[in-house]
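Beneath this line is the structure, given in structure tokens, with notes to follow.
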2 protein chains.
Amino acid sequence: MQEKVRIPGMGGEDLLFLTDDQLRRGIEAMFFAYRAFTADPDMILADLDYGRAHHRALHFINRDPGLTVTALLAVLGVTKQSLNRVLRTLIDDGLVESRVGRRDRRERQLHLTPKGVALERRLSEAQRARMRAAYRKAGPQAVAGFRQVLEAMMDPEMRSQYQAMKELPE
Amino acid sequence: MQEKVRIPGMGGEDLLFLTDDQLRRGIEAMFFAYRAFTADPDMILADLDYGRAHHRALHFINRDPGLTVTALLAVLGVTKQSLNRVLRTLIDDGLVESRVGRRDRRERQLHLTPKGVALERRLSEAQRARMRAAYRKAGPQAVAGFRQVLEAMMDPEMRSQYQAMKELPE
DNA sequence: TTGATAGGGCAGCCTTGTTGACTTTCCAAG
DNA sequence: CTTGGAAAGTCAACAAGGCTGCCCTATCAA
């Protein structure tokens, strides 16, 4: 399909003519794709009386067990009060466990319970299924480009948060 | 976490292995990038006491002037009541004009006023600036892949809506 | 001991989504 | 020319999940 392989960015400034119309299509692609991206977990969540905010909390606690409330706050980019409401229901429902920090007893280290792990898996598997299908359909080269553009779109500070996550030991 | 999923490549000769971890990174890239994507217009909107919903309405009315309320509803994927509240403030504030349809006088054809055009331009220019920078940084090939993956992620019905938009005459 | 930090709780506000019920306007078919 | 149904709009009520502001406790570190 694409015969020419050009290495973007690095050295020779590519002549990249971007019309407003091309950019608009990218913008709309983001809009529609993001809606699709959240649709599957949203359906599962609706049945359980949870929302996207719960999903996000479960996701980040799952991928970095023991992270503190403050750390989670920073990743999610919401206020303490906003997160607290969500976190409270997750703790009350037995999906998340809040342990007093060993190093610093003021901190609360967040972990998923087996029940929490189960829901997180169910949600993320739905999301992964769509992502997997899209990746397969678009092919490996497209996937690389996809990731490159998304990373370039982030703010430097968000990007470093994201990079830190990417590197996390298994 | 480390179970490998074998994905047959398009050509057949390249084997693409997608771990749950790779998919998770894609998911997080979408999350962080979408936040960045909406951040710039959100700041402008906050000053004007508008929200993202107003932006979305302005965007689609701008790119398809004269579309009906029902059509806008379908594109945005929200309820009539939800849209109506937003649309009402835009009309009251003189950003959007609602004209009785010629063909069918029950329909309301939506147009931006000069004031509406001005705000839409301001909002979309902020968004385009970020998109443009990301596109330049990532390069043309990455952009193609970006679009391919996003399109593959959409539901068929959403995709056809999106495709229809792409084709619209200038 | 004292100031700063982590977290929780409470009150209240806003936007933007939802359902449901209802009315008005209008086109088109009988 | 009447009438059924589609399109649009309105009202009421509700919920999720953002926000701010303020206050409290526990804890750590200087």
Side-chain angles (χ1 to χ4, degrees), chain A residues 31 34-35 38-39 41-61 66-93 96-111, chain B residues 31 34-35 38-39 41-61 66-93 96-111:
Chain A
F31 172 69
Y34 195 78
R35 210 161 66 183
T38 55
D42 279 357
M43 279 183 55
I44 297 170
L45 290 159
D47 280 345
L48 302 171
D49 281 319
Y50 291 132
R52 239 176 250 180
H54 300 85
H55 182 190
R56 292 196 288 260
L58 290 174
H59 175 98
F60 287 110
I61 295 171
L67 92 171
T68 65
V69 172
T70 306
L72 183 53
L73 240 37
V75 172
L76 295 177
V78 298
T79 60
K80 189 178 55 166
Q81 291 83 343
S82 204
L83 174 60
N84 210 268
R85 188 166 28 194
V86 166
L87 218 44
R88 167 138 310 283
T89 72
L90 291 175
I91 291 170
D92 289 350
D93 293 354
V96 169
E97 197 187 344
S98 168
R99 302 180 195 156
V100 171
R102 289 175 307 121
R103 197 190 50 196
D104 183 336
R105 293 171 43 88
R106 287 171 304 180
E107 293 181 345
R108 298 291 177 272
Q109 298 183 330
L110 303 170
H111 299 262
Chain B
F31 172 68
Y34 195 78
R35 210 161 65 183
T38 55
D42 279 357
M43 280 182 55
I44 297 170
L45 289 158
D47 281 345
L48 302 171
D49 281 320
Y50 291 132
R52 239 177 250 180
H54 300 88
H55 182 189
R56 292 196 287 260
L58 289 175
H59 175 96
F60 287 110
I61 295 170
L67 92 172
T68 64
V69 172
T70 306
L72 183 54
L73 238 40
V75 171
L76 294 176
V78 299
T79 60
K80 191 175 52 166
Q81 292 85 339
S82 201
L83 174 59
N84 210 266
R85 187 167 28 196
V86 165
L87 219 43
R88 169 138 308 283
T89 73
L90 292 174
I91 291 170
D92 289 350
D93 294 355
V96 168
E97 199 188 341
S98 168
R99 301 183 196 154
V100 172
R102 290 176 307 121
R103 199 190 46 197
D104 182 337
R105 295 167 45 94
R106 287 169 303 182
E107 294 181 346
R108 298 292 177 271
Q109 299 184 330
L110 303 170
H111 299 262

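Letters A, B, ... are given to chains in the order of the sequence lines, protein chains preceding strands, and every chain is numbered from 1.
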Expressed in angstrom and rounded to an integer, what is the separation of [X] atom [atom1] from [N] atom [atom2]?
{"X": "B/D42", "N": "D/dC19", "atom1": "CG", "atom2": "C1'", "value": "13 Å"}
{"X": "A/Q109", "N": "C/dG8", "atom1": "CD", "atom2": "P", "value": "12 Å"}
{"X": "A/E107", "N": "C/dT5", "atom1": "CD", "atom2": "P", "value": "13 Å"}
{"X": "A/R102", "N": "D/dC28", "atom1": "CZ", "atom2": "P", "value": "13 Å"}
{"X": "B/M43", "N": "D/dG18", "atom1": "CE", "atom2": "P", "value": "19 Å"}

How many angstroms lie between CG in A/L76 and CG in A/L83, if you round to the nearest 0.5 Å?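 Spacing of CG (A/L76) from CG (A/L83) equals 6.0 Å.
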
Nearest-0.5 Å distance, CG of residue B/L90 to OG of residue B/S98: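 So the CG of B/L90 and the OG of B/S98 are separated by 11.5 Å.
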
Would you list the pairs meeting side chain to side chain donor-acceptor pair (under 3.5 Å) in which at least one residue belongs to residues 73-87 of chain B, sequence neighbours left out?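 Listed by first then second residue: nothing to list.
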
side-chain hydrogen bond (donor to acceptor under 3.5 Å, both in side chains) partners for B/Q109, two or more places apart: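 For B/Q109 there are no side-chain hydrogen bond (donor to acceptor under 3.5 Å, both in side chains) partners, ignoring immediate neighbours.
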
Non-neighbouring partners of B/R102 that pass side-chain hydrogen bond (donor to acceptor under 3.5 Å, both in side chains), sequence neighbours left out: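 Result, side-chain hydrogen bond (donor to acceptor under 3.5 Å, both in side chains) vs B/R102: none returned.
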
Below the 4.0 Å mark, does C/dT5 have OP1 or OP2 next to a side-chain nitrogen or oxygen of A/R103?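 A/R103 to C/dT5 OP1/OP2: no side-chain N or O under 4.0 Å.
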
Those residues of residues 44-55 of chain A lying under 4.0 Å from DNA chain C by at least one heavy atom: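 None, since no heavy atom is under 4.0 Å.
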
Set of salt bridge (Lys or Arg N to Asp or Glu O under 4.0 Å) partners for [X], sequence neighbours left out:
{"X": "A/R35", "value": "none"}
{"X": "A/R105", "value": "none"}
{"X": "A/D92", "value": "A/R88"}

Less than 3.5 Å apart, which donor and acceptor atoms pair up between the side chains of residues 50-60 of chain B and the rest of the protein, not counting sequence neighbours?
unit_1	atom_1	unit_2	atom_2	d
B/Y50	OH	B/D93	OD2	2.4
B/R52	NE	B/D42	OD1	3.3
B/R52	NE	B/D42	OD2	3.1
B/R52	NH2	B/T38	OG1	3.3
B/R52	NH2	B/D42	OD2	2.8
B/H54	ND1	B/G51	N	2.8
B/H54	NE2	B/T89	OG1	3.2
B/H59	NE2	A/E28	OE2	2.7

Determine whether a donor-acceptor pair (N or O, by modelled atom type, separation under 3.5 Å) exists between the side chain of A/R108 and the backbone of A/R106.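 Yes, because the side chain of A/R108 sits within donor-acceptor range (under 3.5 Å) of the backbone of A/R106.
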
5′-ward residue of the pair B/V69/A/L83 relative to DNA chain D: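 Nearer the 5' end of the strand: B/V69.
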
Quick check on DNA chain D: between A/D104 and A/G77, whose nearest nucleotide comes earlier from the 5' end?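 Closer to the 5' end of DNA chain D: A/G77.
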
Residues in side-chain contact (heavy atoms from CB on, under 4.5 Å) with B/A71, at least two apart?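 B/A71 satisfies side-chain contact (heavy atoms from CB on, under 4.5 Å) with B/L67, B/T68 only.
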
Report all interatomic pairs (protein N or O, nucleotide N or O of nucleotides 23-26 of chain D) with separations under 3.5 Å.
none

Counting side-chain heavy atoms from C-beta on, which of C/dG9, C/dT18, D/dG17 comes nearest to A/R88?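 When the side chain of A/R88 is considered, C/dG9 is the closest of C/dG9, C/dT18, D/dG17.
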
Could you run down the sub-3.5 Å N/O contacts of the protein with nucleotides 11-15 of chain D?
none

